[in-house]
Amino acid sequence: MSNGQADIGLIGLAVMGQNLVLNMADHGFTVAVFNRTVSKVDDFLANEAKGKSIVGGHSIEEFVSQLKQPRRVMLMVKAGKPVDEFIEHLLPHLGAGDIIIDGGNSNFQDTIRRCAYVESKGLQYIGTGVSGGEEGARNGPSIMPGGSPAAWPHVKDIFQAIAAKADGEPCCDWVGENGAGHYVKMTHNGIEYGDMQLICEAYSLLSAVGMTAPEIAEVFTEWNKGELDSYLVQITSEILAKLDPETGKPIVDVIQDTAGQKGTGKWTVISACDLGVPVTIIAEAVFARCLSAIKSERVDASKLLKGPKAVFRGDRKKFIEDVRQALYASKICSYAQGFQLMRAAAGEYKWNLNYGGIAQMWRGGCIIRSQFLGRIHDAFGGRKKVVNLLTVPFFRSATRKAQGSWRRVISQAVKLGVPVPGFMTALAYYDGYRSERLPANLLQAQRDYFGAHTYERTDKPAGQFFHTNWTGSGGSITAGTYTV
Ligand code: NBP
């Protein structure tokens with residue numbers, strides 16, 4: 001192949017990069033590749049890429065010379081410093097209008113900074129979320145691009161061709177300016193943490209009433225046929241059914257109960273705190289992983305701290321249905337919180353997010369893909385303004401139907417001493433969100449008592465602030481108002 005013919009270049013030949021390149025080649029695009037460890041370029045060309053429309057460079061210069069103009073260079077490298085380093089290596093070899101795309105799990109704040117920097121050099125920048133892991137990258141991921149709007153028409157055909165499809169529509173569309181794509185991907189990952197935690201709590205409750213992993217696998221298989229139909233429920237049933245070839249036991253029973261995390265859930269919660277949005281289910285999911293990680297402390301504490309002696313004596317079949325409803329209602333709350341978070345971020349960072357479009361992007365290819373996202377897509381149809389998904393008729397009726405079960409499950413968990421932080425915080429959010437009056441009146445009084453922070457009154461217009469001289473000795477001086 002002659003130089004300058006590749007439609008796109010990709011740097012970073014690890015699991016995601018290689019599979020994306022093969023996916024692009026399958027869709028008729030010519031792809032140039034490069035990697036820090038250059039020997040991986042030759043290995044790839046000689047093996048997986050053999051006979052396909054894929055070329056390789058042994059230096060950045062050679063790689064760039066293989067690209068059509070405007071040059072499109074996608075980075076699929078480890079998030080963080082490697083992205084900044086590659087941008088610096090690339091800039092001297094690229095020109096006005098060329099496009100640098102970061103497809104890794106970068107922090108959206110880094111993407112905002114990099115987008116401004118690359119644009120200041122006369123180039124275009126895209127920060128895009130890519131979800132679906134190895135399998136998604138190969139056969140159709142969910143792709144969430146944001147950055148320089150003028151770059152989108154130049155990558156749209158490639159991205160939409162390689163993306164997953166749901167009802168024939170690509171799970172990829174333009175998200176918004178600068179860090180919007182990576183923000184939406186971060187929120188996706190946060191929601192993924194929530195979904196996984198809620199599923200684990202359902203499994204934990206069913207185990208606590210005496211069910212074995214293969215029995216619970218069957219329950220998940222059934223659940224996957226209804227409202228909970230999703231990739232994560234499907235793989236959960238497969239995981240629970242799998243036996244360990246060494247011991248013959250269910251493999252989940254021999255896997256250590258300490259969870260890892262790479263940080264996108266934590267970023268979601270940090271952003272939620274910054275924006276003042278209660279994403280309590282994702283927060284509990286992050287903290288549940290933290291609690292799981294202190295295994296040796298838990299082992300010691302298990303010998304010291306006693307729980308209830310209760311055993312389950314109810315109807316197991318009814319309980320299984322109650323758990324299903326509790327899982328469904330909690331999941332609705334988690335997505336309601338996630339979309340509230342994106343709405344607040346859109347206001348803060350001036351992004352014009354299309355929430356129905358985001359639900360569509362998540363319907364296929366990614367880890368949280370589900371039938372349920374189709375309902376969310378419909379709820380936002382035609383860019384309908386939705387303050388909170390909980391108030392949409394479909395979800396209102398679903399939570400109303402589920403709440404008896406939800407409350408019974410949590411009561412049972414408390415009686416049995418089974419931790420279900422996700423279910424509990426979801427219900428607390430539901431009850432809090434539907435409360436016309438919360439005990440924050442007392443909280444404001446406390447703040448005013450010790451810090452003269454003032455309060456508003458129910459019988460006076462909002463925006464007027466009052467202070468009480470609670471002890472008779474504090475005087476009428478008030479503290480400056482601050483938020484958070
Ligand atoms: P990794 O995140 O493991 O990154 C490997 C690539 O980064 C290799 O090309 C490696 O080059 C390069 N690299 C590293 Br490591 N340090 C570097 C440095 N200091 N300078 C330059 N290059 C460096 O690969 P991955 O799992 O394919 O993920 C790629 C991106 O996609 C990441 O941001 C990841 O978070 C994101 N992502 C991953 C998944 C997944 O399921 N794995 C899913 C969705 C998104 P080398 O070959 O020379 O070491």
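When reading the values below, keep in mind they use all heavy atoms of this one structure, side chains included, and skip hydrogens, waters and symmetry mates. Read the numbers this way: they start at 1 and go in the same order the structure lists the ligands and their atoms. Because the structure is a prediction, the values reported are computed rather than measured.
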Could you identify the single nearest non-hydrogen protein atom to [atom] and state the distance to 0.1 Å?
atom: atom 38 (C) of ligand 1; answer: Met16 CG, 3.4 Å
atom: atom 32 (C) of ligand 1; answer: Val77 O, 3.5 Å
atom: atom 48 (O) of ligand 1; answer: Thr37 OG1, 2.4 Å
atom: atom 7 (O) of ligand 1; answer: Lys78 N, 3.2 Å
atom: atom 33 (O) of ligand 1; answer: Asn105 N, 3.0 Å
atom: atom 22 (N) of ligand 1; answer: Phe86 CE1, 3.6 Å

Please answer whether the main-chain N or O of [Y] pairs with a side-chain N or O of [X] as donor and acceptor at a distance below 3.5 Å.
X: Thr391; Y: Val387; value: no
X: Thr425; Y: Pro421; value: no
X: Glu62; Y: His58; value: yes
X: Arg298; Y: Ser292; value: yes

Can you tell which part of [X] has a heavy atom less than 4.0 Å from ligand 1: side chain, backbone, both or neither?
X: Asn35; value: side chain
X: Glu85; value: side chain
X: Lys40; value: side chain

Test the Arg289-Tyr193 pair against the cation-pi criterion, namely NZ or CZ under 6.0 angstrom from the six-membered ring centroid and within 45° of the ring axis. yes
Taking 4.0 angstrom as the limit and counting only heavy atoms of [X], give me the atoms of ligand 1 inside it, by number and element.
X: Gly12; result: 9 (O)
X: Leu13; result: 9 (O)
X: Gly133; result: 41 (O)
X: Val130; result: 44 (C), 45 (C)
X: Met76; result: 29 (C), 31 (O)
X: Ala79; result: 33 (O)

Between Tyr430 and Trp406 (judged by ring centroids, cut-off 6.0 Å), do the two rings come close enough to count as a pair?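 Under 6.0 Å, so yes.
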Other residues, nucleotides, ligands: >12 heavy atoms within 6.0 Å of Lys121 NZ: no
Taking atom OH of Tyr349 as the centre, report whether more than 12 heavy atoms of other residues, nucleotides or ligands fall under 6.0 Å from it.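 It does: Tyr349 OH has more than 12 such atoms within range.
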For atom 3 (O) of ligand 1, state whether the nearest protein heavy atom is under 4.0 Å away. no
Check Phe380, Phe339, Tyr355 against Trp362 for a ring-ring contact (aromatic ring centres under 6.0 Å, His included) and give me the one that passes.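 In the set Phe380, Phe339, Tyr355, the residue that makes a ring-ring contact (aromatic ring centres under 6.0 Å, His included) with Trp362 is Phe339.
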Give the single entry among Arg36, Lys262, Gln18, Glu135 that approaches atom 49 (O) of ligand 1 most closely by any heavy atom.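 The option holding the nearest heavy atom is Arg36.
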Would you please say whether a donor-acceptor pair under 3.5 Å links the side chains of Asp110 and Ser106?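 Looking only at side-chain atoms, Ser106 and Asp110 do not form any donor-acceptor pair under 3.5 Å.
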